[in-house]
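Here the structure is laid out as structure tokens; the discussion comes afterwards.
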Amino acid sequence: MPIEQTTTAPTFESVWALVKEVAQAQKENERIWEKHLKEAAEARKEAAERLAERQKEAAERQKEAVERRKKNAERRAERQKEADERRKKAAEIEKKRSKELNRKIGKLTNLFGDFTLGMVAPKLRKKFAKFGLDFHTSGLNVVVHNKTDDSSLEIDVYLQNGDKAMLVEVKTKLTVDRIKKHVERLEKMRRSADVRGDKRTFLGAVAGFSIEGEVRDTALAEGFYLIEPDGENFNITEPFGKPKEW
């Protein structure tokens with residue numbers, strides 16, 4: 001016997017209840033979604049605030065670093081300026097000291113040279129007489145002027161007679177350069193004498209309180225008599241070979 005199926009038609013109340021249930025579910029979903037959106041916005045806001053804070057801190061650190069570098073540069077510049085000023089002052093002091101020392105040395109050298117000249121000159125005529133050189137007159141710091149070429153030369157000690165004359169150069173410290181200049185002095189004396197018609201023979205001698213080996217050999221090789229101190233007296237050494245004549 002077939003079974004009969006019966007269908008119950010939905011009522012208004014059941015449909016309305018279903019609609020209310022769907023609406024309630026949709027409202028709950030919207031509430032949850034709004035909550036998620038709000039939480040995400042707050043998270044983004046907090047992240048932005050933290051980023052801004054970190055950027056602010058980084059900017060402050062950078063500013064402090066710039067200030068430190070600036071101050072360090074200023075301190076270095078100040079120290080460099082002070083060091084430059086100290087070096088400048090030290091250089092000025094050293095320059096003044098050097099100038100004063102050179103002045104004192106020059107004064108002392110001149111005084112000592114005058115003393116040496118005064119000690120040697122009075123005894124030269126007697127000393128040279130032992131070498132057969134008889135000089136009748138002597139003079140100190142003699143200046144010879146040649147009007148033809150308007151030149152002049154100074155002779156520390158000038159010994160002379162009718163036939164010969166001796167030009168003596170006296171130095172506290174004798175050097176090779178001063179020996180060469182004495183050669184030039186004698187050559188100049190010869191030219192000046194020729195202009196005046198002076199036919200005498202000129203000889204040369206050099207004297208020094210301090211004479212090194214090379215200087216000594218140079219003087220003797222140039223044909224000069226060499227005058228050297230010996231205690232309170234002095235000795236004269238003949239040049240190598242024959243004395244040179246001008």
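We use all heavy atoms of the structure for the numbers below, so side chains are in, but hydrogens, waters and symmetry mates are not. All of these numbers come straight from a predicted model, not from anything done at the bench.
Separation of atoms CZ (R61) and CZ (R68) is listed at 10.5 Å; rounding is to 0.5 Å. Atom-to-atom distance recorded for K71:NZ and E74:CD is 8.5 Å, nearest 0.5 angstrom. Distance check, rounded to the nearest 0.5 Å: CD of E42 to CD of E49 gives 10.5 Å. Between the CD1 atom of I211 and the OG1 atom of T175 there is a distance of 10.5 Å, given to the nearest 0.5 Å. Taking CE from M166 and CD from Q160, the interatomic distance works out to 12.5 Å, rounded to the nearest 0.5 Å. In this structure, CG on L18 lies 6.0 Å from CD on E21, to the nearest 0.5 angstrom.
Considering only heavy atoms from C-beta on, I227 comes within 4.5 Å of L124 through its side chain. The side-chain heavy atoms of K127 and Y225, taken from C-beta on, include no pair separated by under 4.5 Å. Using a 4.5 Å cut-off on side-chain heavy atoms (C-beta onward), V144 and L153 make contact. A heavy-atom distance below 4.5 Å is found between the side chains of L133 and L203. Within the 4.5 Å cutoff, no side-chain heavy atoms of T137 are placed close to those of L159. Between W246 and T201 there is no side-chain heavy-atom pair separated by less than 4.5 Å. Looking only at side-chain heavy atoms (C-beta outward), R178 and H182 stay at 4.5 Å or farther from each other.
Grouping the Ile, Leu, Val, Met, Phe, Trp and Tyr side chains by contacts below 4.5 angstrom, directly or via other members, places V176 apart from V168. Hydrophobic clustering (side-chain heavy atoms under 4.5 Å, transitive across Ile, Leu, Val, Met, Phe, Trp, Tyr) keeps L167 apart from I236. Placement of I155 and F224 within a single hydrophobic cluster is found when ILVMFWY residues are connected by side-chain heavy-atom separations under 4.5 Å, directly or transitively. Taking hydrophobic clusters as Ile, Leu, Val, Met, Phe, Trp and Tyr residues chained together by side-chain heavy-atom distances below 4.5 Å, L220 does not share a cluster with F131. A continuous path of hydrophobic side-chain contacts links V142 to M189 [ILVMFWY only; heavy atoms under 4.5 Å].
Contact between G223 and P239 at its shortest, heavy atoms only, is C-CB, 3.5 Å. Between L174 and V215 the shortest heavy-atom distance is O-CG1, 3.6 Å. Nearest heavy-atom pair, F202 versus A193, reported as atom, atom and distance to 0.1 Å: CE1-CB, 3.5 Å. Taking every heavy atom of both residues into account, F128 and A205 meet most closely at CZ-CB, 4.1 Å.
By the neighbour-count criterion of 12 heavy atoms within 6.0 Å, atom CD of E57 is densely surrounded, having more than that number from other residues, nucleotides or ligands.
Between R31 and E28 there is a salt bridge, with a side-chain nitrogen of the basic residue lying less than 4.0 Å from a carboxylate oxygen of the acidic one. Ionic pairing of R185 and E169 is present here: one or more N-O contacts between side-chain nitrogen and carboxylate oxygen are shorter than 4.0 angstrom.
Within the structure, every pair that satisfies the salt bridge (charged side-chain N to carboxylate O under 4.0 Å, His left out) test and touches residues 192-219, not counting sequence neighbours, is listed here: K173-E212, R190-D194, R196-D198, D198-R200, R216-E228.
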Side chain to side chain contact (heavy atoms under 4.5 Å, CB included) between L226 and V206, intermediate numbers included: CA-CA 5 Å; L226 182 65; V206 289; 3.8 Å; yes

L140 vs D156, side chain to side chain contact (heavy atoms under 4.5 Å, CB included): CA-CA, chis, key distance, verdict: CA-CA 5 Å; L140 301 179; D156 290 339; over 6 Å; no

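Applying the side-chain contact (heavy atoms from CB on, under 4.5 Å) test to D84 and every residue at least two apart in sequence or in another chain returns Q80, R87.
A distance-only check finds a donor-acceptor pair linking the side chain of K188 to the backbone of S152 [under 3.5 Å].
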